[in-house]
Each structure stands twice: as structure tokens, then as C-alpha cells.
Amino acid sequence: MKELPKRYDPHEAEPRWQKMWEDEGIYEIVPDEDSYTIDTPPPTVSGRMHIGHTSSYAQEDFYARFWRMKTGNVFYPFGTDDNGLPTERLVEKTKKVSSTKMSRKEFRELCHFTIKELLPEFVEDWKRIGMSCDFKTVYSTIDSNSQKISQHSFIDLYKKGLVHRKETPVAWCMTCQTAIAQAEFENKDLTSTFNDVIFKAGDEELIISTTRPEFIPACVALAAHPDDERYTHLKGKRITIPLYDYKVPVIFDKEVAIDKGTGLMMICTFGDKDDVEKWHRYNLDLRIIFTKDGKLNELAGDLEGLSIIDARKKILDTLKEKGHLVKQQPITHPVNVHERCGTGIEFLKSTQWFVKVLENKNKLLAAGKKINWHPAYMQVRYEHWVENLNWDWCISRQRYFGVPFPVWYDKRTGEPVIADESQLPVDPFVDKPKSVPESDWKHLVPEEDVMDTWATSSVTPQIALAMHGKQDLIPMSLRPQAHDIIRTWAFYTIVKSLFSKETIPWKDIAISGFVTDPKGHKMSKSKGNVVSPQDVMDKFSADSIRFWAAGAKLGDDIPYMEKDLVTGNKTLTKLWNASKFVIMNLDDYKGFNAKFEDLELMDRWILSKFNRLVKSSTDAFSAYDHSKVKFDVEQFFWNDFCDNYLEIVKGRLYDPKDTIEKTSAQYALSQVIEGILKLFAPIMPFITEEIYAMLPFENKTKSIHISSWPDFRKEWVDSEAELVGEDIVKAVQEVRKYKSANQLSMNAPVSMLRVLSEQDLTLAENDLIAVTKAESFDHELGEFKVDIE
RNA sequence: GGGCCCGUAGUUUAGUGGCUAUAACGUCGCCUUUACACGGCGAAGGUCCCCGGUUCGAGUCCGGGCGGGCCCACCA
């Protein structure tokens with residue numbers, strides 16, 4: 001008999017197969033109209049793969065592999081998102097430089113250099129978990145192709161009047177010193193102090209509670225609720241601002257909460273979003289007290305040049321000194337901070353580029369309905385985000401490492417000059433617009449801002465397809481992503497696709513959940529409950545981590561528990577051993593030429609059950625329900641196939657002669673083992689590949705992953721075999737129970753076995769006798785019952 | 001405050017109106033049986049969060065609670 005390795009070593013096998021797939025180009029295709037196309041999320045080089053990545057990328061890879069086997073035509077690109085602030089921050093940190101202290105050119109070059117340096121090792125993690133992307137054609141969101149497409153998209157929207165430049169109050173990060181978009185806000189509970197400050201209306205003293213006393217010089221009005229009788233008499237009066245001694249009006253607005261603080265509030269330009277709205281609505285004065293680096297300016301008087309924090313301390317001291325501060329009490333309140341750096345968001349008036357999303361909410365909502373969301377309820381999140389948008393999408397950033405706007409300004413008029421589409425990509429610092437004659441170049445100044453990173457990652461379908469010149473294949477088939485970036489990546493991609501191509505970007509969107517710790521808490525460095533996927537793969541294997549990831553449904557969070565990885569490893573071992581057993585027993589198998597009906601009953605039983613598994617697994621994968629596939633295939637493999645079928649046919653297989661009964665079993669074994677490997681292949685691509693390579697069959701493909709997915713076979717539907725087979729298995733279980741209760745080994749003979757059954761068990765009586773070691777067997781028709789002696 | 005999701009053995013979970021409610025891990029007992037002791041067989045373990053309703057029939061559908069998670073809003 002054939003000797004096979006006793007153990008499977010994933011640490012040896014996995015890199016070997018990964019290399020083979022890449023060397024042989026197993027996953028390389030040029031996409032066409034029939035391709036299943038995937039808009040792969042490009043990870044950000046600014047960090048290593050974390051365990052949340054592992055599960056969600058594993059899950060999307062299940063679908064890539066399933067559809068590849070089903071259709072033979074899957075376009076699964078890979079890219080990295082190297083654009084924008086995350087990379088800038090990484091470079092500043094690792095290279096110990098400051099973007100503001102070097103030239104734009106130098107800093108941009110250092111960013112490019114750093115990415116090149118990090119990329120190869122970074123991508124290794126994605127290869128290691130068995131992503132079946134084409135790693136030979138890889139994009140970066142900052143490469144020249146991406147810049148070209150991103151700029152092209154900008155020009156397209158500009159020409160359609162969907163992007164415009166406007167001076168307006170905009171959310172601003174003092175640390176990153178750039179405008180930011182609504183989607184980049186994050187909530188944080190911060191401790192602060194409520195300060196009761198005296199304002200004066202003539203001789204009357206009014207108390208205002210504020211957490212932001214440094215905004216006093218920016219106060220342009222006081223506001224109260226129109227029904228608040230404490231303040232209605234102030235109508236038409238002008239209030240004196242303490243320390244600064246200028247006067248502001250009182251406005252009455254229903255949005256003011258009567259019970260908050262003293263019911264009287266400052267309107268400042270601009271303390272928050274509400275201030276911006278009220279400033280517009282009541283046409284108030286503008287008193288901007290910040291410069292763009294977060295220092296106070298001359299309007300703040302004594303506070304000029306101080307940071308916000310220092311200014312707050314100083315003004316509180318002065319207020320106290322002059323008797324204007326009557327009370328202080330600590331509070332905790334939610335504050336909007338910039339998600340990239342955690343700095344509190346301020347509002348500044350500045351000129352920025354905006355994409356007009358607000359006036360297109362209805363179209364965006366309609367587009368969301370045309371996409372199939374998995375799970376379906378995730379669509380609601382998208383809808384709520386769109387419905388509640390308050391601002392147009394600000395796409396300009398006062399940063400360095402991003403895709404430049406293809407824009408210059410004419411110094412004489414201030415009007416923008418847009419690049420010609422044929423000259424993209426352009427860097428306005430280096431290039432000149434085609435439309436302007438050389439003699440007028442001296443009048444041009446380049447746009448200094450760069451685009452927001454999302455302005456480019458929102459065209460990943462175009463970027464990925466453009467690598468093959470197939471941009472017309474939008475909508476793509478699938479967008480896989482996590483739920484935290486529905487409001488950014490999913491939303492912005494829909495915006496871009498709808499605005500420039502009048503279509504949805506993809507037909508299906510699969511939203512993965514997060515990985516939590518065993519108690520269901522989010523993993524975070526500060527909690528110290530982070531698990532590194534690299535360590536997990538060292539200890540277990542890529543296949544076992546994928547097997548674990550397959551257990552979570554789309555959209556569901558999944559707790560990381562090491563015991564699940566142990567289970568995964570056990571499944572690998574079981575698959576290895578069962579396959580080894582089957583392959584050994586196929587040693588003398590020369591094929592089976594008879595019809596399905598001529599097979600032994602138990603062989604038809606396992607094939608019929610397998611056939612149903614094929615159907616349910618195909619349906620489940622098609623419906624984006626990978627966890628059902630995992631559950632069902634695992635059950636079938638371990639329970640039906642290993643514990644029952646293999647035990648039952650051992651008697652026939654051990655016959656040294658080539659009997660027809662043995663050949664029948666060998667036929668079933670060969671069909672089922674290959675089928676199980678194929679059904680498991682999307683989830684555990686390495687071990688299934690390893691075993692597939694050992695199968696003693698002809699007509700195998702070079703890789704199981706480009707073999708065909710099993711077909712449902714009508715001729716294998718055999719309800720009689722299934723009914724009889726189930727009773728045979730039940731009878732076997734009764735005998736096992738008897739032996740267990742009597743402390744007998746499973747090999748121990750029983751002298752008498754009598755089974756009552758509605759089915760004709762004589763059809764498989766030899767198998768039943770062999771597996772139970774019954775010395776005599778009796779079968780009668782009747783309600784199921786087993787007697788053993 | 002608004003919205004979405006989820007409450008099933010000790011734990012993680014299957015279950016989209018119909019047998020005695022899944023399975024894995026854990027616990028306990030047994031079995032060294034020529035694929036596998038990283039195994040096999042078996043046992044114990046459940047008020048399917050609570051209350052009401054619809055139905056011949058509800059873990060499943062509807063209403064109302066309670067509890068947990070997430071998203072959004074709340075920033076004076």
C-alpha cells in the first residue's frame with residue numbers, strides 16, 4: 001500500500017503552495033464581461049495586518065475562490081492605500097521628521113520612498129493568509145495610474161458642476177492643519193469644566209455656562225429659547241462681552257435647551273456645527289479668533305499667540321481675577337475629534353473644494369437600494385448616513401502627500417484653470433496646463449492643496465480595472481468591506497460611480513464584522529487585549545485561522561478564542577487522516593464502469609447525501625452565507641463521512657480480493673473525497689491543495705482552486721438509499737450505545753442483533769453486520785427498534 | 001434622544017411556522033478498534049430573556065417590557 005506522510009505540517013506546506021500559486025499565475029486573469037469582479041479593499045501600509053483584517057479578508061477570499069471554481073473567471077485585484085494623512089503620520093513618526101519643516105517636494109519623496117521600503121513585507125501578511133489575488137498586478141492609490149484616474153474623476157465632476165470651490169466655515173484639525181470631512185469625525189467623551197461667567201445687559205447680570213471660555217472674544221450673539229421667560233425681556237437689548245467690552249445681540253431659537261446650563265448660550269464663530277448654522281441663519285458678525293495652526297489671533301487681545309489650552313487657562317485666571325467667574329464644576333461631555341489624531345475639531349472659514357452630495361441625497365439613496373447588501377440591514381446604516389448629512393463632501397486637504405488637484409489659478413482673475421484630460425496625471429507644481437499658452441504661464445499659480453485620501457480610494461473600481469484597460473466593467477460584482485467604513489469608503493465610492501458613470505459601483509456589497517476579545521469587547525491597544533494574527537499563524541496555521549473566520553456570518557462580530565483555532569487545527573488533522581485512509585484504499589482501484597443504481601446501498605446513501613450538500617453549499621455561497629457552508633460541510637465530513645460511512649465500508653475495503661462490493665465503495669470514496677476537498681477548498685485552500693495533489697486521479701487540474709466546483713447531479717438523488725441508510729446508521733448507533741454501556745470495545749462481537757424497521761435493511765445487511773460484528777442478524781418490518789444480545 | 005442588530009446548555013453558536021431544539025469547546029464515564037488518542041463511543045447539561053397576542057401548532061411571526069452591542073445625534 002502507498003505510504004503517505006503521517007502528519008501534515010502547515011508551516012512547511014503553506015508557504016510552498018503560496019509560492020506555487022504565484023509562480024504559476026493560478027489567480028491571474030484579464031477581466032471580461034463574464035468575470036466575477038471584486039473591489040478588494042486596499043489596506044493602508046501605515047500598519048501591520050491586524051486580526052480584524054485577517055477575518056474579513058479571509059471571508060472575502062472564500063467568495064473569490066468559490067466563484068473562481070464555479071465560473072473559472074474571477075478578477076481579484078490587490079492594491080494598497082498609501083495616500084494621504086495615514087502615510088504622512090507614519091513617515092513623520094518612523095523617520096522622525098516634520099512635514100512642516102521640510103520642502104513639499106522633499107517630504108513627498110520621503111513618503112514615496114518609505115512606502116516602497118515597507119510594501120514588500122507588508123504584503124507578505126496578505127499572501128500568507130492565502131488571499132487568492134493576482135499579486136503580479138498590484139496598484140497603489142498614489143501610483144501614477146491611480147493619480148490619473150483620481151484627477152480624471154475630479155475633472156469629470158468639475159465639468160458636470162458637481163464639484164465646486166467655495167469659501168465657507170469648514171471642519172478643521174489644528175494638529176493636522178487641514179480641513180476635514182464630516183465622515184472623519186469621531187466621538188470621544190472628554191472631561192471638562194463648566195464655567196459660569198457673568199455677562200452684562202446694562203446693569204443686569206446674566207450668567208452663561210461655558211466649557212469654552214476662550215471663545216468669549218469670538219462671541220457674536222447670545223441665544224435663548226423663545227419660551228424661556230427668564231430671558232424674553234432681553235429682546236432687542238445688546239449684551240456686553242466681559243473683558244472685551246463689545247456688544248452683541250440676543251437671538252431666540254427653539255434649538256436652545258432651556259434646562260442646559262443657565263438656558264442662555266454664547267454663539268461664537270465658530271465653536272461648533274450649531275454655531276455655523278446659527279451664524280448663517282441669523283446673519284451674524286464674523287469674529288474668527290484662530291489662525292490655522294491653532295493659535296489665537298489679535299482679536300483675542302491678551303490671548304494672542306496662545307494655544308487653545310493655554311488661552312483657556314489664561315482667560316479663566318483673568319475672569320476670576322476680575323470677578324466675572326462665579327462658579328466652576330467638572331463635567332464629562334462628548335466632543336467631536338479628528339479620527340486620525342484625536343484632536344478636537346474646530347471650525348474655520350476657508351476656501352475648499354466640495355463635492356455636491358447634499359443636493360443629490362435622493363439619487364444616492366436610490367443607488368443604495370439598487371445594491372444588494374449582505375447582510376441586508378447594513379443598507380439602513382448607509383441610508384441613515386446619507387439622510388443625516390449636513391455638509392457637502394470637502395475633498396481638499398492642506399497637506400502634502402496626496403493626489404494633487406489638476407488645477408492652477410490665474411493670478412490676474414483668481415479663476416481656476418483645469419488640466420486637459422489628455423495630460424493626466426499632472427502635478428501643478430511641475431506641469432503647466434495644455435490650454436494655456438507658454439507666454440501666460442507666468443500668471444499661473446498651482447493649487448497647493450491635495451485631495452482627500454477618500455477622493456482617490458472612492459475610485460478603486462476604476463483603478464483596479466484600469467490596470468487591464470477595462471474600466472467599462474463597472475458595476476463590479478462585489479465590494480467586500482467592514483461596517484465601520486460604510487459612511488466613508490462605501491458612500492464615497494457610490495458617489496463617484498453615480499456622478500461620473502450614472503451607475504452603482506457594484507452589484508453586491510458584503511459587510512464583515514469585527515473581531516472582539518472572548519468577552520465580546522473591542523480589541524484595543526489600551527485594553528491590552530489585542531491578538532496578533534502573525535502570532536496566531538505561527539502557532540496554528542493560515543487554514544485554521546480561516547476556518548475560524550468562516551464561523552462568523554457576514555456583519556456579525558466574532559470573538560477570538562484560542563480554542564476555536566485548536567478546533568480548526570483538529571479539523572485539518574482529521575481531513576489529513578481521512579484522506580490518507582481513502583487514498584491508501586484506492587491503491588488498487590481501477591475505476592467503476594457500472595451505473596449509479598448498481599452501487600451498494602450505503603455507497604448510494606453517502607453519494608446522495610453528498611449531492612444534497614453540494615446543492616446547499618452552492619446555494620449558501622451564492623447567498624453570501626459562508627458560515628452555513630462551513631457548518632454543513634464540517635458536519636457531513638466529520639459525522640456522516642468519517643464516523644459513519646468510513647466505519648461502515650471498512651469491511652468491504654479490507655477484503656483483499658477485487659470484489660464488486662469493494663469497487664463500489666472505492667468509487668463512492670473517490671467521488672466523495674474529491675468533493676469534500678472542493679467544498680472545503682475556498683475555506684482551507686492550503687491543505688485541500690496539498691491533499692488534492694496526492695489524489696491518484698487522472699484529469700486533475702494544476703491546482704484545486706482552478707478545478708471545477710462540484711455539480712449537483714440529478715441521477716444521484718436516491719431517497720430510498722437515504723431512508724435505508726439512516727436506519728442502518730441508527731442501528732449502528734444503538735449497537736455502539738450497547739457496547740459503551742457494557743464497557744465493550746467497538747470491535748467486540750455481539751451474538752445477536754435484531755432490528756425492526758419500516759425500511760428493508762437487508763439491502764445493506766452485510767455492511768451492518770460487518771460494522772457491528774454481529775454474529776447473527778435478524779430483520780423484521782415494523783416500528784424502529786433494536787434488540788442486542 | 002433617534003435608529004439598527006442581538007438575547008437559545010457553563011462558553012461560543014445552528015435554527016426564516018411543524019418529529020424528542022443544533023453542533024463545537026468544557027464536564028463525566030467507557031473504549032489502546034490495522035486513517036486519526038490532535039482519536040472513537042456514550043452520558044449529564046436548556047423556563048430558547050420576560051409578559052401578552054396571532055395560529056391546529058411559536059425558539060421562529062406580531063405587540064409591549066427588560067438586558068447587551070453598535071451607528072447617529074447630543075459638544076452651550
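Residue numbering restarts at 1 for every chain, and letters A, B, ... go by the order of the sequence lines.
Comparing the C1' positions of rC71(B) and rU12(B) gives a spacing of 25 Å, expressed to the nearest Å. Comparing the same atom, C1', in rA58(B) and in rG63(B) gives a spacing of 15 Å after rounding to whole Å. Separation of the P atoms belonging to rG68(B) and rU22(B) is 31 Å when rounded to the nearest angstrom. With C1' as the reference atom, rC66(B) and rC49(B) are 8 Å apart, rounded to whole Å. Taking atom P in both rC25(B) and rG39(B), one finds a spacing of 8 Å when rounded to whole Å. Rounded to whole Å, the C1' atom of rC4(B) lies 29 Å from the corresponding atom of rG46(B). A gap of 31 Å separates the P atoms of rG53(B) and rU11(B), to the nearest Å. Comparing rG26(B) with rU13(B), their C1' atoms are spaced 14 Å from each other, to the whole Å.
Here rC70(B) sits opposite rG3(B) as a Watson-Crick or G-U wobble pair (both hydrogen-bonding atom distances under 3.5 Å). rA76(B) is unpaired under the criterion used here, namely a Watson-Crick or G-U wobble arrangement in which both key atom distances are under 3.5 Å. Base pairing analysis places rG45(B) opposite nothing; no Watson-Crick or G-U wobble pair with both distances below 3.5 Å involves it.
When the C1' atom of rC70(B) is taken as reference, atom CG of N187(A) falls 13 Å away, rounded to whole Å. Residue H626(A) contributes atom NE2, which lies 11 Å from atom P of rA14(B) at whole-angstrom precision. What separates CD of E214(A) from C1' of rA76(B) is a distance of 12 Å, to the nearest Å. Nucleotide rC74(B) holds its C1' atom 12 Å from the CD1 atom of I331(A), rounded to whole Å. Atom P of nucleotide rA23(B) and atom CZ of F636(A) are separated by 17 Å, given to the nearest angstrom. Between the CG atom of N390(A) and the P atom of rA73(B) there is a distance of 8 Å, rounded to whole Å. The CG-C1' distance, from D275(A) to rC74(B), rounds to 14 Å in whole Å. One interatomic measurement links the two molecules: CG of D632(A) to P of rA24(B), which rounds to 14 Å at whole-angstrom precision.
A side-chain donor from one of D253(A) and Y282(A) sits under 3.5 Å from a side-chain acceptor of the other. With 3.5 Å as the limit, one finds a donor-acceptor pair spanning the side chains of D727(A) and S757(A).
Heavy atoms of other residues, nucleotides or ligands lying less than 6.0 angstrom from CD of E12(A) number more than 12.
Using a 4.0 Å cutoff on non-hydrogen atoms, no part of residues 537-551 of chain A comes near RNA chain B. Less than 4.0 Å separates RNA chain B from at least one heavy atom of each of the following residues of residues 250-258 of chain A: V256(A), A257(A).
Every residue two or more places apart in sequence or in another chain was checked for a salt bridge (charged side-chain N to carboxylate O under 4.0 Å, His left out) with K361(A), and none qualifies. For A623(A), there are no side chain to side chain contact (heavy atoms under 4.5 Å, CB included) partners, not counting sequence neighbours. Residues that satisfy the side chain to side chain contact (heavy atoms under 4.5 Å, CB included) test with P226(A), not counting sequence neighbours, are F252(A), K254(A). For H324(A), there are no ring pair (Phe, Tyr, Trp, His ring centres under 6.0 Å) partners, not counting sequence neighbours.
Along RNA chain B, the nucleotide nearest D274(A) and the nucleotide nearest N639(A) are compared for position; the residue whose nucleotide lies closer to the 5' end is N639(A). For the pair K273(A) and R212(A), both in contact range of RNA chain B, the more 5′-proximal nearest nucleotide belongs to K273(A).
Taking the six-membered ring for Trp and the full ring otherwise, the centers of Y231(A) and H225(A) sit at least 6.0 Å from each other.
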Are there any protein N/O atoms within less than 3.5 Å of an N/O atom in nucleotides 2-9 of chain B, and if so, which ones and at what distance?
from, atom 1, to, atom 2, distance (Å)
rG3(B), O2', H384(A), ND1, 3.1
rG3(B), O2', H384(A), NE2, 3.4

Using nucleotides 33-39 of chain B, report all nitrogen or oxygen pairs with the protein that are shorter than 3.5 Å.
from, atom 1, to, atom 2, distance (Å)
rU33(B), O4', N747(A), ND2, 2.9
rA35(B), OP1, K650(A), NZ, 3.3
rA35(B), OP1, Y654(A), OH, 2.9
rA35(B), OP2, Y654(A), OH, 2.6
rA35(B), N7, K650(A), NZ, 3.4
rA35(B), N6, C642(A), O, 3.4
rA35(B), N6, E647(A), OE2, 3.4
rA35(B), N3, N577(A), O, 3.4
rA35(B), N3, A578(A), N, 3.3
rC36(B), O4', N577(A), ND2, 3.3
rC36(B), O2', N577(A), ND2, 3.1
rC36(B), O2, K574(A), NZ, 3.0
rC36(B), N3, K574(A), NZ, 3.1
rC38(B), O2, T573(A), OG1, 2.9
rC38(B), N4, R7(A), NE, 3.3
rG39(B), O3', K574(A), NZ, 3.2

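Of the side-chain N and O atoms in K553(A), one or more sit less than 4.0 angstrom from OP1 or OP2 of rA14(B). Between H333(A) and the phosphate of rC74(B), there is no side-chain N or O to OP1/OP2 separation shorter than 4.0 Å. Residue R487(A) has a polar side-chain atom (N or O) positioned under 4.0 Å from OP1 or OP2 of rC72(B). Distances shown here put a side-chain N or O of K737(A) below 4.0 Å from the OP1 or OP2 atom of rA43(B).
P334(A) comes within 4.0 angstrom of a base, heavy atoms only. As judged by a 4.0 angstrom heavy-atom cut-off over every strand, F215(A) is placed among residues making no nucleic acid contact.
Of all the heavy atoms in D538(A) and H11(A), the pair that sits closest is O-NE2, 2.8 Å.
Formation of a donor-acceptor pair under 3.5 Å by the H626(A) side chain with backbone atoms of A552(A) is found in this model. A side-chain donor-acceptor contact under 3.5 Å links K662(A) to the backbone of D655(A).
Applying the salt bridge (charged side-chain N to carboxylate O under 4.0 Å, His left out) test to residues at least two apart or on different chains, the pairs with a partner in residues 619-637 of chain A are K615(A)-D619(A), K628(A)-D632(A). Residue pairs satisfying the side chain to side chain donor-acceptor pair (under 3.5 Å) criterion with at least one member in residues 190-201 of chain A, sequence neighbours excluded, are listed as follows: N195(A)-Q328(A), D196(A)-S209(A). For residues 569-585 of chain A, no pair satisfies salt bridge (charged side-chain N to carboxylate O under 4.0 Å, His left out), with sequence neighbours left out.
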Could you give the side-chain donor-acceptor pairs of residues 181-190 of chain A under 3.5 Å, partners two or more places apart or in another chain?
from, atom 1, to, atom 2, distance (Å)
Q182(A), OE1, N390(A), N, 3.2
E184(A), OE2, A181(A), N, 3.0
E184(A), OE2, R397(A), NH2, 2.6

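A distance of 8.5 Å separates CD1 of I511(A) from CG of L554(A), quoted to the nearest 0.5 Å.
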